[in-house]
Engineer: 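The structure that follows is given in the form of structure tokens.
This one's a predicted model, so the numbers in the text were calculated from it and none came from an experiment. The first residue in the sequence is number 1, and the count goes up from there.
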Amino acid sequence: MSLLFDGSVIETIKRETRGNSIFVRFTLMNDCKDALYEVSLLPDCIEQLSDGVRVKQDGLYLYKQFMIAKGYSEFWKDNIFV
């Protein structure tokens, strides 16, 4: 989460095995209204990001890089050379 959002504090995490995703509810430390935000983390992208939340500069690139490096991404799926 720190790759994507500055000052994020995770409230709940729910793994969805059918969709191969992780659903996260979080707050932001520097947010004065204490709103609860949501995001769905997929192997190669993010979806369902709540309104009013900005992804850090180069956050999506770093997220994709992390997911590929850890082997979670489907980028290398069925590649015989890896």
Engineer: Say whether L36 and V55 are linked into one hydrophobic cluster, either directly or through other cluster members, by side-chain heavy-atom distances under 4.5 angstrom.
Structural biologist: no
Engineer: In chain order, what residues pass the salt bridge (Lys or Arg N to Asp or Glu O under 4.0 Å) check against R25, with sequence neighbours excluded?
Structural biologist: E38
Engineer: List the residues meeting ring pair (Phe, Tyr, Trp, His ring centres under 6.0 Å) with F5, not counting sequence neighbours, and say none if there are none.
Structural biologist: F26
Engineer: Considering residues at least two apart in sequence or located in another chain, which fulfil the side-chain contact (heavy atoms from CB on, under 4.5 Å) criterion with K14?
Structural biologist: F23
Engineer: State which residues pass side chain to side chain donor-acceptor pair (under 3.5 Å) with S73; sequence neighbours excluded, sorted by chain then number.
Structural biologist: D44
Engineer: On a heavy-atom basis, which atom in Q48 and which in S40 lie closest, and how many Å separate them?
Structural biologist: OE1-CB, 3.9 Å
Engineer: Can you give me the closest heavy-atom contact between L42 and G19, atom names plus distance?
Structural biologist: CD2-O, 3.9 Å
Engineer: Determine, step by step, whether T17 and R15 satisfy the side chain to side chain contact (heavy atoms under 4.5 Å, CB included) criterion, reporting the C-alpha distance in whole Å, the side-chain angles of both residues, the deciding distance to 0.1 Å, and the verdict.
Structural biologist: CA-CA 6 Å; T17 54; R15 182 174 181 214; 4.1 Å; yes
Engineer: State, to 0.1 Å, how close G59 and L4 come at their nearest heavy-atom pair, and which atoms those are.
Structural biologist: O-CD2, 3.6 Å
Engineer: Kindly state each residue pair satisfying salt bridge (Lys or Arg N to Asp or Glu O under 4.0 Å) with at least one member in residues 48-64, sequence neighbours excluded.
Structural biologist: D6-K56
Engineer: Hey, what do you get for OG (S21) to CG (L41), rounding to the nearest 0.5 Å?
Structural biologist: 8.0 Å
Engineer: Near Y37 OH, under 6.0 Å, is it more than 12 heavy atoms from other residues, nucleotides or ligands?
Structural biologist: yes
Engineer: Any idea which heavy atoms bring L62 and L3 closest together, and the distance?
Structural biologist: O-CD1, 4.0 Å
Engineer: Hydrophobic clusters here meaning ILVMFWY residues chained together by side-chain heavy-atom distances under 4.5 Å, can you tell me if V53 and L60 are in one?
Structural biologist: yes
Engineer: To the nearest 0.5 Å, what is the distance between CD on Q65 and OH on Y61?
Structural biologist: 4.5 Å
Engineer: Tell me every residue that passes side-chain contact (heavy atoms from CB on, under 4.5 Å) with V9, counting only those two or more places apart in sequence or in another chain.
Structural biologist: E11, T27, M29
Engineer: Go through it in stages, so that I can follow the logic: the residues are E16 and I22, the test is side chain to side chain contact (heavy atoms under 4.5 Å, CB included), and I'd like the CA-CA distance, side-chain angles, deciding distance and then a yes or no.
Structural biologist: CA-CA 6 Å; E16 297 181 17; I22 299 173; over 6 Å; no
Engineer: Tell me every residue that passes salt bridge (Lys or Arg N to Asp or Glu O under 4.0 Å) with D31, counting only those two or more places apart in sequence or in another chain.
Structural biologist: none
